[in-house]
2 protein chains.
Amino acid sequence: MPKWKGRNVLTSGAMPDPLPDAAPTTAAEGPTPPRSSARGRPGATSHAAIEQAAFRLFATHGFAGTTMEAIAREAGVGKRTIFRYYQSKNDIPWGQFDRTLDHFRALLDEQPDGLPVHAAVHQGVVEFNRFPADAEPPHRERMRLILTTPELQAHSVLRYAEWRRVIAEYVARRTQARPDDLIPQVAGHVSLAISLSAYEAWLTEPDAETPGLPEIIDRAMTGLRSYLTG
Amino acid sequence: MPKWKGRNVLTSGAMPDPLPDAAPTTAAEGPTPPRSSARGRPGATSHAAIEQAAFRLFATHGFAGTTMEAIAREAGVGKRTIFRYYQSKNDIPWGQFDRTLDHFRALLDEQPDGLPVHAAVHQGVVEFNRFPADAEPPHRERMRLILTTPELQAHSVLRYAEWRRVIAEYVARRTQARPDDLIPQVAGHVSLAISLSAYEAWLTEPDAETPGLPEIIDRAMTGLRSYLTG
DNA sequence: ACACTAATGGCACTCGATGCCAAAATGGAA
DNA sequence: TTCCATTTTGGCATCGAGTGCCATTAGTGT
């Protein structure tokens, strides 16, 4: 689903971490995540650094086999601090996903109004999942981790919900309905279904990915249409 | 998604608990769940009793506000024992869901071969979610809990996966494909998408549920078709 | 009564997560 | 420079889910 703007090298380069750290979408709770201001003590680490440390450990000990303490040690900060940057261990692999939702919204709005709604949504989803070849390997690893680790698979629905919402809102706007109405909701759910199927197929393929993610999403979409029309 | 065969009264009557307790689908691990055999010490409780106790507490303290210790006390058994009946706290609300999958499989097989695949699947899903009026209120409460509690919402994907698999296998068989191929997978994902949308709409409606679940699923399905054809 | 079998439940322990708070660390003002 | 307001850090205690271990209990069959 994701689509991290620029380059996001996983183990060696820089992690997503775009723009100055923003406030969490799931507002006011216990500790307030760092937001590198002018005044006050500067942050001891960054999302990027934490994710790099975490993925390094995940690669060797697996997700479940890596404790938060270990990640903290690897990142050179206190465990307590990690929990200020990420609400939970499960949130680490997703990184700054929220950030990309604005981009997704923009992509949908870019679609010409002449296009039928379903086609516009489809195009938006495809574009959202198209990115430079050099950003693909790390993205692939990230998604593989997420889609093959049960805990993460489960946790991800909470992320998907925000993503679906973007679609539901777009469809609602274009069909004069409310985002909570049945059709917009179905559109969101089905778009997610398509994407997930596509990702699973994508991850199954040999690394010499002949068909890219966009192509597979296209294929899943046309597959759905032919399936539904017998 | 579910469909517990007979009567399954939530707070007052009997919980699902059909058939003699079977082995867990996710096989051999730590403690082996009870399977009331002839020999040996008899079980101190049952899935039904545990679920009743649990739901009683969930109703007053909420899901998160209810500890496993509390459930154990309410059910009159040790905490350790509860964990032998359910792999996790999150598994309690779903009850013996696995059991219903065989029934689902049977429903699909019942569909006439003359019916187009998508129609057969649709019918199967609809039938799966049709049940006696007196079983509805508790089912509704159960699903409301599951679909409105983030932890449960997330955890449920693991259950849904098995359910989707049933569809993927059916579609694969009828289209001479493999269950892991793109189209069967998409069919499973999309059927789930439809069902979830329908459930959400169903739960939103006032209790005087004019349209039942089957009708809403139908509506979601036709909605999808018209959405996809502009 | 005795052996066999299988579930129970207490205990200790790991790990994720949270509240609390004193101790950094920084920029700006006196 | 020193003090101050500000903001993050990280240690500590605590809670709750989940697991391994194992002696105990409660049946069945002989």
Side-chain angles (χ1 to χ4, degrees), chain A residues 20-21 23-24 26 28-47 49-50 54 57-58 61-93 149-152 154-155, chain B residues 20-24 26 28-47 49-50 54 57-58 61-93 149-152 154-155 158:
Chain A
D21 291 321
T26 41
E29 287 177 22
T32 306
R35 39 151 217 36
S36 56
S37 70
R39 261 190 167 57
R41 176 174 177 167
T45 184
S46 67
H47 285 92
I50 293 175
L57 296 177
F58 293 160
H61 306 104
F63 182 77
T66 303
T67 69
M68 287 299 266
E69 289 248 342
I71 296 175
R73 236 181 300 116
E74 178 83 9
V77 294
K79 180 182 96 169
R80 198 63 186 74
T81 297
I82 302 280
F83 276 108
R84 283 207 188 82
Y85 282 75
Y86 294 92
Q87 296 205 355
S88 73
K89 183 181 175 182
N90 287 337
D91 283 311
I92 296 180
T149 307
E151 307 98 281
L152 295 177
H155 179 77
Chain B
D21 290 321
T26 39
E29 286 177 22
T32 305
R35 39 151 216 41
S36 55
S37 70
R39 266 184 162 58
R41 175 173 178 169
T45 184
S46 66
H47 286 92
I50 293 175
L57 295 178
F58 292 160
H61 307 102
F63 183 77
T66 304
T67 70
M68 287 299 266
E69 289 247 344
I71 296 175
R73 236 180 300 113
E74 177 83 10
V77 295
K79 179 182 97 168
R80 198 65 187 72
T81 297
I82 302 279
F83 276 107
R84 284 209 188 80
Y85 282 76
Y86 294 92
Q87 296 205 354
S88 75
K89 182 181 176 183
N90 288 336
D91 283 311
I92 297 180
T149 307
E151 306 98 283
L152 295 178
H155 179 77
L158 306 179

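Numbers restart at 1 for each chain; the letters A, B, ... are given by sequence-line order, proteins then strands.
Side-chain contact between B:Tyr85 and B:Ile92 is absent, with no heavy-atom pair separated by less than 4.5 Å.
As rounded to whole Å, 15 Å separates atom P of C:dG9 from atom CD1 of B:Ile71. A straight line from CZ of B:Phe83 to P of D:dG20 spans 12 Å, rounded to a whole angstrom. Rounded to whole Å, atom P of C:dC15 lies 14 Å from atom CG of A:Leu57. The separation between B:Arg80 atom CZ and D:dG18 atom P is 11 Å, rounded to whole Å. Remark: P of C:dG16 and CD of A:Glu69 are 8 Å apart, rounded to the nearest angstrom. A:Ile82 places its CD1 atom 16 Å from the C1' atom of C:dT18, with the value rounded to the nearest Å. Rounded to a whole Å, the CE atom of B:Met68 is 20 Å from the P atom of C:dC15. Between the P atom of C:dA17 and the CG atom of A:Asn90 lies a distance of 6 Å, rounded to the nearest Å.
At D:dT9, one or more side-chain N or O atoms of A:Tyr85 fall inside 4.0 Å of OP1 or OP2 (strictly under the cut-off).
Partners of A:Asp91 by side chain to side chain donor-acceptor pair (under 3.5 Å), not counting sequence neighbours, listed by chain and number: A:Ser88, A:His155, A:Arg159.
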Sequence-aligned protein contact record of nucleotides 22-30 of chain D, with B where the base is within under 4.0 Å of a protein heavy atom and S where only the sugar-phosphate is: ---BBBSS-
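Closest approach to the B:Lys89 side chain among D:dG18, D:dG20, C:dA17 is made by D:dG18 (side chain taken as heavy atoms from C-beta onward). Which of D:dG10, C:dA17, C:dG9 sits closest to the side chain of B:Val77 comes down to C:dG9.
No donor-acceptor contact under 3.5 Å links the side chain of B:Lys79 to the base of C:dG10.
Within 4.0 Å (heavy atoms only), B:Thr81 reaches at least one base atom of the nucleic acid.
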For residues 66-75 of chain A, which side-chain N or O atoms pair as donor and acceptor with protein atoms under 3.5 Å away, sequence neighbours left out?
unit_1  : atom_1 : unit_2  : atom_2 : d
A:Thr66 : OG1    : A:Gly62 : O      : 2.7
A:Thr67 : OG1    : A:Ala70 : N      : 3.0
A:Glu74 : OE2    : A:Arg56 : NH1    : 2.6

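The two residues A:Lys89 and A:Phe63 have their closest heavy-atom pair at NZ-O, 3.1 Å.
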